[in-house]
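I have placed the structure first, in the form of structure tokens, so that the comments after it can refer back to it.
Naming: A, B, ... by sequence-line order, numbering from 1 per chain.
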Amino acid sequence: MGKVTGFLEISRHDRTYEKPEVRLKSYDEFIVPLAAEELNGQAARCMDCGIPFCHNGCPVNNQIPDWNNLVYKEQWEQAVINLHSTNNFPEFTGRVCPAPCEAACTLNIDDNPVTIKTIECAIVDRGWAEGWIKPIPPSHATGKTVAVVGSGPAGMACAQQLARVGHAVTLIEKQDRIGGLLRYGIPDFKMEKHHVDRRVEQMAAEGVTFRTNTDVGTDVSIDDLLAEFDAVVLAGGAEWPRNLDVTGRELDGIHYAMDFLTQQNKRDAGDDEATAAPFGTISAKGKHVVVIGGGDTGSDCIGTSARQGAASITQIEILPKPPVKENKAMVWPDWPTKLRSSHAHEEGCERDWAVLTKNAVGANGRVTALDCVRVDWEKTPDGRMAMKEIPGSAFQLKADLVLLAMGFLGPRRGALLEQSGVALDPRGNVLADTVQYRTSRDKLFAAGDMRRGQSLVVWAIREGRQCARAVDLFLMGTSTLPR
Amino acid sequence: MPMHEVMRQGLYDPRNEHDSCGVGFVVNIKGRKSHDIIAQGLKILENLDHRGAVGADPLVGDGAGILIQIPDALLNDWARAKGKSLPAVGRYAVAMCFLPRDPAAREEAVRFFEQVVAKEGQSMVGWRDVPTDLTGLGKTVIETMPVIRQAIVASSLSIRDQAAFERKILAIRKQILNNLPAMAVKRNIPGLTEFYMASFSTRTLVYKGLLLATQVGTFYHDLRSLLTTSALALVHQRFSTNTFPSWKLAHPYRLLAHNGEINTVRGNVNWMYARRRSMESDLLGPDLNKMWPIIPHNQSDTACLDNALELLVAGGYSLAHGMMMLIPEAWAHDPLMDPERKAFYEYYAALMEPWDGPAAIAFTDGRQIGATLDRNGLRPARYLITDDDYVIMASESGVLPVPEEKIVRKWRLQPGKMLLIDLEEGRIIDDAEIKQKLAREHPYADWLKQTQFKLEDLAESEERRALPRRNDLEALLHTQQAFGYTQEDIQFFLEPMARLGDDPIGSMGTDTPLAVLSDKPKLLFNYFKQNFAQVTNPPIDPIREELVMSLVSIIGPRPNLLGHHAGNHYRLEVTQPILTNTDLEKIRDIDNLAGGAFRTQTIDTTWPADEGAGGMEAAVARICQEATEAVLADYNILILSDREVGPDRIPVPSLLATASVHNHLIRQGLRMSTGIVVETGEAREVHHFCVLAGYGAEAINPYLAFETLEQIRVQTRLNKTAADVKKNFLKAIGKGIMKVMSKMGISTYQSYCGAQIFDAVGLSSAFVNKCFTGTATTIEGVGFPEIAQEAVARHRAAYGENPIYRGMLDVGGDYAFRLRGEAHAWTPESVAKLQHAVRGNLPEEFHAFTKTLDDQSERLLTIRGLMQFRFVPTPVPLDEVEPASEIVKRFSTGAMSFGSISREAHTTLAIAMNRIGGRSNTGEGGEEADRFLPKPNGDSERSAIKQVASGRFGVTTEYLVNADDIQIKMAQGAKPGEGGQLPGHKVDKNIARVRYSTPGVGLISPPPHHDIYSIEDLAQLIHDLKNANTKARISVKLVSEVGVGTVAAGVAKARADHITISGYEGGTGASPLTSLTHAGSPWEIGLAETQQTLVLNSLRSRVAVQVDGGLRTGRDVVVGALLGADEFGFATAPLIAAGCIMMRKCHLNTCPVGVATQDPVLRKRFTGTPEHVINYFFFIAEEVRHLMSKLGFRTFNEMVGQVGKLDFRKAVEHWKAHGVDLSRILFQPELKPGEGIHHSELQNHHLDKALDQVLIKEAKEALENQTPVRIEHPVRNINRTVGAMLSGEVARRYGHAGLPDDTISISLTGTAGQSFAAFLSRGVSLYLSGDGNDYVGKGLSGGRVVVRQPAVAKRNPSANIIVGNTVLYGAIAGEAYFEGVAGERFAVRNSGAVAVVEGCGDHGAEYMTGGVVVVLGETGRNFAAGMSGGIAYVYDEHDQFRKLCNMSGVELEPVGLAELGLADEPGRPRQRGTSVDDNGMGDPLRFDAERLRILVERHLLFTGSTRARFLLEDWDSALSRFVKVVPLEYKRALLELRAEASAAAAAAE
């Protein structure tokens, strides 16, 4: 374990950000890593709990106390090995994960969790810097072929795991680059894309074949894939965005968040405007931006808008403002609902809660404002929360650009789903369990958001890994892949 | 089925019976025979009556008997009447026969007897019917009474002398008795096995039987006949743990009677058996071969010892010599022992492994009579010598009324010492003389010099074997994986051991599945649970009493036990059994190094990987075969080696290889011809080494552990050399092995080796019988195929392709939860759900919690998980089921001391339990007196259960009278057989106050209760506590292991009101991980065995049975009830309800939720409330009610013991658990009509007979009005615990403060029984003229006790014993003056009393934490061991105290002269104390001369001591001879407190 009394002697100290005025000038990452000696101290705070709630709080079940201890003892290389035994891409989660592990940390009972995410990120960054992270090609080929459709975190993790045990894996992506949401959903300032490129390179060396610009269902039929491969994994994500069903929705200047974010990511990747925005540029520059939706995507829109030079940014959320501090007794070690502020909020933004958008107001076909009303949430007799408008609370928000970041409803409806004919669950996701990951169709598997609905990168990695084991078992009868 | 042959049924196994007892003899030194001696012997027996026991039927005792010299006149009288003539004395022998009741069997027995006598050339004189009188015998006794006849056999003319005839009749007896079982089967006469010979000798005759002490004389007419005379009478009264009537099991045996227990008997018998081929005797010649087995199976330990002694004597050793070989004194570490005697012992150490355990043994062959004590002095034996040549020896003083003026010496047997009376020489031979004579008989030292090789002295082998090189880390990793190393092995075991040299500590309990239920491949070691001593014998403290411990191992063949020309036998000795690689190479090359005395053969214990799991059984056969061949080819050291492990070779589990070879060679009679050394990569933690030792490894080389240590050293940049790391590891393992041995009360590795002191849990009997012959296994389980699969799985992890094992060891997960690791009951989900449920009062959430534990269809955790209920078709309506508010009254919380958990947590539990009518438990460590009174809001923080543990911290009379239950903690589930330690940093001012100790000084709880070394001692403590608080139930807490049921039966007979059976899963604040995981068994096994045994013995209804240790859900409660529990203890679960999150950091004081910590900052984080705990218990009770309804029970009592409602769910799907069979646990013993199977009646404690009833009456004025009273009475040894009940009355009325000094002044004359002046409250003074027995002043709580020699006696008090062993144990306050010498362990664990004595035995002032002890004469060895507080002054006349004192924690100072200054100066001692806790002793670091003078003056005042007068007459020169003993820690802490106080004073100014 770390230091017995570390948590009593050393206070929590996390990574810091560049100041907003500096970081707003570019789309680069702006987290300032901790110095090595400071990391050592932070790792020493870990108590190596008899029951490490963090280890269970983490969807990929990172063996957090173990690598904290290794960092404390400066056995970095061993820490890299340990970390990778549960997580294919710790540098992704070390940057973009909301860190449910830290919510579950024993020291979070007192609001001072170990800086687990920071340590994770430091371990893997160190691993890359030292050259310890290398391709792990299989010792022999099984002769089996697998196609993984969708190259987001689930697809990548699944493909990597399968390749490492010797299957010939083809990772198929409809976009021009590998990475899915990692690539085009997450802004560079949260995670620069060379992290993804590096993994693509590693996977290529491990034998993964990449097929980009291939929209399964359109460019190639699912039946062809099933004929060509011994198994096919659907990992296409949950890209069907929730719409704003109000009068004026058709006005120009109202966009889905993902359309907005993708453009910027492509620009950052060096694409020219025609490639980056084939259907026209969406820009926040000089505009009054309203972001509808209070989640992470909303934050990404705020940060991107700020960097583009928005005149003002307002974020509204239909749910009430959550408490600043949760009731630890009843919630810990579970993920709490509480007020969270992201770095984007520091970059200049108004926030409002319990606001319902009634309709969009426009002029000349362009949006100019939103009509809103405040709502109250009450518990109904059957225990659900219901919303009620507050009379006389209507107001108008000035809006030149409205970004819809209200979540996703499930996998995109379209050719792929239709052709495959797989059964869906009541929520509209592809039906498969978390042991076998098999869809209703033979040889066809599903994992990640496509199966579980919109979720975190870390959940996608978990599902990709577990699905890989299921596929391996299906193909070989036994599997050494961990779940 | 005859009652006395109750065969193994269910979990009951007669092998587990224990007994212990009172023993005594009276002898005329000059050999003058008289009938009177027999009468006196019988009188002794009557006066030892209270040391025996009666079972369910008050007319049935456990047996008693007497051994006398052959009554020649009586027998001649018979012969004359029958018209026969008897040969001369010495030419005939008498066999005391218990013949079968069945006439046909009897006829056959008689015929067979006569046939063997004839075959051996001797002649029958005739059969004499022994006249008996059945008056007063119980029905069951009469029903089982054998036909008792004496066979008189005359010696043939060819027999040259009496000794030769004795040898012949031994051969006859052996041949007859050993062949009975086979004949019984062959001739189909089962009754034949009942035939038994109590004695068969030319010199002695034994009259014994299933009789009460008082009945021996009336039952046997012979004993009343004036023709019956003897110069000696050896008597014995038995207290056994069972109540199955047995005539055979009464003592004395042929040569001895025994009070105590041989812990190593399993190993001793095995080793004896193994000698079959290596033993020859000139004297016995071919007769020796007819005598096998020398020690038959299924006998009591005493009978086995008797057989061994009989063999040695027949083989030509003298009686005393034989006893010294069997029970040697602790010679190895005694600096005062003369070298010749040491050489004697060292020489015989290679011939005979010690028979180890607490023992007072009286032995006689009719010519000599004597007694000896075990090396630890764990049983009492007092003797006196009269001026008319009598010696009377007994377990107690005062067993015969002898006028004081006739007594010339009163003394005791001392540890390891012997008393011998030679009737032919007509004198007493003392220990020194006997031993010196024997030690000089042969040149033992020279023989040793010539034949003994010490491994450490041998030169290093030049021929270094090329070892497989592991030059890279990857290869090392693979090897580690092949032996199942986990990250936890490194992190929790090897690294801490390398750093600190200690067996690592952990906390909370084990909540992982048994090895057989685990999905993981477990090491074979994990299927073995360590046994431990509880009740029937004491564990030892291997640290504080190191002088009796020894790790010496002798490797290689053993000499012929009966060869007397043994100076030419070579032996190889190691100082401890763990070999470094260099050591092992020496052994491998020993042929060259030791001049050809030894030859070593290495046997490969791996098998080809391509054979898979199927190859292992054949490999084991091959290994055994190679072992035989090697031994026959004269290789006398075998190395079982798994060095060949690699991608192509799988190692056989080292334990399997070792035990198989060991048992195989024993079966072949070859084991004594060779040594077994194990070279294995597998062994790494203490438990591994212990199991290997237990199954025959004489030495072990853990090569991979050494390599791993080096890897750790380098990788973690440990600031230590490679040699230091190795040394630390060896030290840690050595200490650990000693701890494990000592848990069982075994002190030498030699007798531990091969003793098989383990229970197998989860192994099939077929497998166990083959490879671990003789080990108990109760639930069946895996065998060769599964054990092989586990080995293969480890091998695959090492050399297969699993990515998880690429570059990394398996995570383990046994000691902390890990997802990929072992399964746990407490998981993140279960803890979170439980806490959310009790905090929000959410039944649904609680149900979700219990579901995670109860539904074990997917994940096996516990034995009960394999059980299912037999529900009734129509459930009882829920509203007709007993309400939850009644059920919760059966619940209590576990014993967690204030000290291990915070006051907040402790009081939360207490308030909760008091509100619901359950019980909370103080744990060991006292309770703040303010908690005894209710709070203004009506809540009470008083713990209903007051625990009495071995440390006796805070056990005042006031504490005891504030109890509803008083629980004697015999053992704790997490660390049975071990003591505890509260580190100094946890002893803050509050803790120190309630424990009557010094802040900042660590506290030690000894492993044993020093007043419980056997079952009759426990009965005594129960009696003591019941006296102190007549209203409380007395409870005894035991830990589950095979045999706990028979112990529980004994405890019930010892009159406990309540018995707790704890499972090994139970929690702890700190315990070695070795014990946490590997000691004790699941509660299901122990509880079921207890229920079955109590029912079989008709004892069940008079005790309440509680179960605890890992209870979590309502289902657990119901399973427990059906298996026989009335009540239920919970510890971890309610603690979790109150906020514990299973950090397992209790031992570090860093509990982040304020539960298990004394840190004021962390304590603030405690958020638990009584409501949380109450919600938990009501949730549980509701679950119980639902199950009761489905099972068809309306009341809880109906449910208790209804094991028929449980069914066994076979885990067919599980690769290991599929072999488990619970039928023995679910066995329902046949019920006699009217037999209760739950608690329904009260014990009779016989308090009405107590002398205190009279004292209380006479002290009425003092009790009610504080008016001083004076009382006078005679007292006898049968008056036990005098003063305790009276003191209870004082404490009830006046609390700990008591009455003014001497308010109740009681003068007594005579010999007081045990526990004289126990728990004496302030204001009560006992003045005894006479002597006291053991436990005088136990728990003294402020009273005064004085024992002085009667004026008529002319003995020198300083050379005579006045009080027995373990005097002032746990004394808290008060004063004691003894005019004479005290026995062993004087003032052990004294917390505050002052005492003056004129001499004391071994281990004086042991574990003392406070108070003042003055010894005006000699002390024994090991004075001040573990002493951490208080001071002692010793009058060191001969300047040898330094050698006798254990200097590890104390320093010696001169006393100095009186200090000048004012009389009322602060800290200056005063003549009178001012309160109960102040004896006027002042500042312990100053004023020694004043203090000492006050105490010596008081001693003179109270006792009239001549010695005190003599010292005071020349006080200045006396002062110069006194030495002050002061503990270092205590001094440091006092100086710190002083500095703190003066700083505070300065700040105030």
Side-chain angles (χ1 to χ4, degrees), chain A residues 1 3-8 47-58 60-66 69-70 72-75 77-78 80-82 84-86 104-107 109-110 112 132 136 138-140 161 164-166 327-334 478-483, chain B residues 487-488 491-492 495 506-508 511 715-717 796-797 800-808 811-813 815-821 824 826-832 835-840 842 845 1136 1139-1146 1148-1153 1159 1161-1162 1165 1167 1172:
Chain A
M1 64 180 291
K3 193 172 177 198
V4 173
T5 50
F7 75 105
L8 291 170
M47 307 170 72
D48 190 16
C49 304
I51 295 180
F53 292 85
C54 57
H55 169 54
N56 201 57
C58 171
V60 291
N61 304 111
N62 275 340
Q63 298 172 144
I64 293 161
D66 299 324
N69 183 44
L70 289 166
Y72 173 63
K73 293 201 172 135
E74 298 181 10
Q75 291 175 252
E77 194 172 354
Q78 204 57 37
V80 172
I81 295 175
N82 196 316
H84 277 94
S85 80
T86 52
C105 176
T106 297
L107 293 178
I109 298 178
D110 243 29
N112 283 301
W132 292 328
I136 308 174
S139 58
H140 63 277
Q161 291 293 91
R164 285 178 175 176
V165 291
N327 178 3
K328 282 277 160 65
M330 294 306 295
V331 175
W332 180 87
D334 301 335
T478 62
S479 178
T480 55
L481 286 174
R483 265 173 64 79
Chain B
Q487 293 176 37
E488 289 183 328
Q491 195 192 337
F492 286 95
E495 190 189 325
S507 50
M508 300 308 289
D511 60 341
Q715 280 185 353
T716 62
R717 297 177 208 90
R796 200 173 292 146
E801 296 211 325
N802 193 329
I804 289 301
Y805 301 123
R806 211 174 280 150
M808 206 167 63
V811 67
Y815 299 96
F817 174 87
R818 289 290 183 277
L819 208 83
R820 280 185 200 142
H824 283 260
W826 294 113
T827 62
E829 293 93 346
S830 57
V831 170
Q835 294 191 336
H836 295 164
V838 299
R839 288 168 183 163
L842 309 169
E845 191 75 4
I1136 288 176
C1140 162
I1141 48 172
M1142 290 294 281
M1143 287 299 294
R1144 298 181 187 271
K1145 297 286 174 283
C1146 321
L1148 299 174
N1149 206 22
T1150 57
C1151 177
V1153 287
D1159 181 333
V1161 175
L1162 292 174
R1165 299 190 184 190
T1167 57
H1172 298 161

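- Between the side chain of B/Glu488 and the backbone N or O of B/Ala816 there is at least one donor-acceptor pair closer than 3.5 Å.
- For a residue to count as touching a neighbouring chain, one of its non-hydrogen atoms must lie under 4.5 Å from one of that chain's; by this rule B/Tyr805 does not touch chain A.
- Heavy atoms of B/Thr1150 lying under 4.5 Å from chain A belong to its backbone as well as its side chain.
- The candidate with the highest count of non-hydrogen atom pairs below 4.5 Å against chain A, out of B/Ala832, B/Gly506, B/Gly807, is B/Gly807.
- Contact of A/Val165 with chain B is not made at all, since no heavy-atom distance falls under 4.5 Å.
- Listed options A/Ile109, A/Asn82, A/Thr5 were ranked by heavy-atom pairs under 4.5 angstrom with chain B; first place goes to A/Asn82.
- Ranked by heavy-atom pairs shorter than 4.5 Å toward chain A, the options B/Gln835, B/His824, B/Gln487 are led by B/Gln487.
- Here B/Leu1162 is the residue among B/Asn1149, B/Leu842, B/Val1161, B/Leu1162 with the most heavy-atom pairs under 4.5 Å with chain A.
- Both the backbone and the side chain of B/Ile1141 come within contact range of chain A, judged by heavy atoms closer than 4.5 Å.
- Only the side chain of A/Gln78 comes within contact range of chain B, with heavy atoms under 4.5 Å apart.
- Neither the backbone nor the side chain of B/Glu845 comes within contact range of chain A; no heavy atom of the residue lies under 4.5 Å from a heavy atom of that chain.
- Rounding to the nearest 0.5 Å gives a distance of 7.0 Å between NZ of B/Lys1145 and CE of A/Met47.
- Each of B/Glu829, B/Met508, B/Met808 has some count of heavy-atom pairs under 4.5 Å with chain A, and the biggest count is that of B/Met808.
- For B/Thr827, the part sitting under 4.5 Å from any heavy atom of chain A is the backbone (N, CA, C, O) and nothing else.
- Both the backbone and the side chain of A/Ile51 have a heavy atom closer than 4.5 Å to some heavy atom of chain B.
- Contact count versus chain A (heavy atoms, under 4.5 Å) is highest, among B/Thr1167, B/Ile804, B/Val1153, for B/Ile804.
- Residue B/Arg796: no heavy atom, backbone or side chain, is found under 4.5 Å from chain A.
- Proximity to chain B is absent for every atom of A/Ser479, based on heavy atoms less than 4.5 angstrom apart.
- Between chain A and the options B/Gln715, B/Arg806, B/Arg1165, heavy-atom pairs under 4.5 Å are most frequent for B/Arg1165.
- A salt bridge links B/Arg1144 with B/Asp511: the closest approach of a Lys/Arg side-chain nitrogen to an acidic carboxylate oxygen falls below 4.0 angstrom.
- Neither the backbone nor the side chain of A/Asn327 comes within contact range of chain B; no heavy atoms are under 4.5 Å apart.
- Residue B/Asp1159 touches chain A through its side chain alone, counting heavy-atom pairs closer than 4.5 Å.
- Inspection of the B/Thr716 and B/Glu495 side chains reveals no N or O donor paired with an N or O acceptor under 3.5 Å.
- Between the side chains of A/Asn61 and A/Thr86, no donor-acceptor pair of N or O atoms lies under 3.5 Å.
- In this structure, the side chain of B/Arg818 does not engage the main chain of B/Val811 through any donor-acceptor pair within 3.5 Å.
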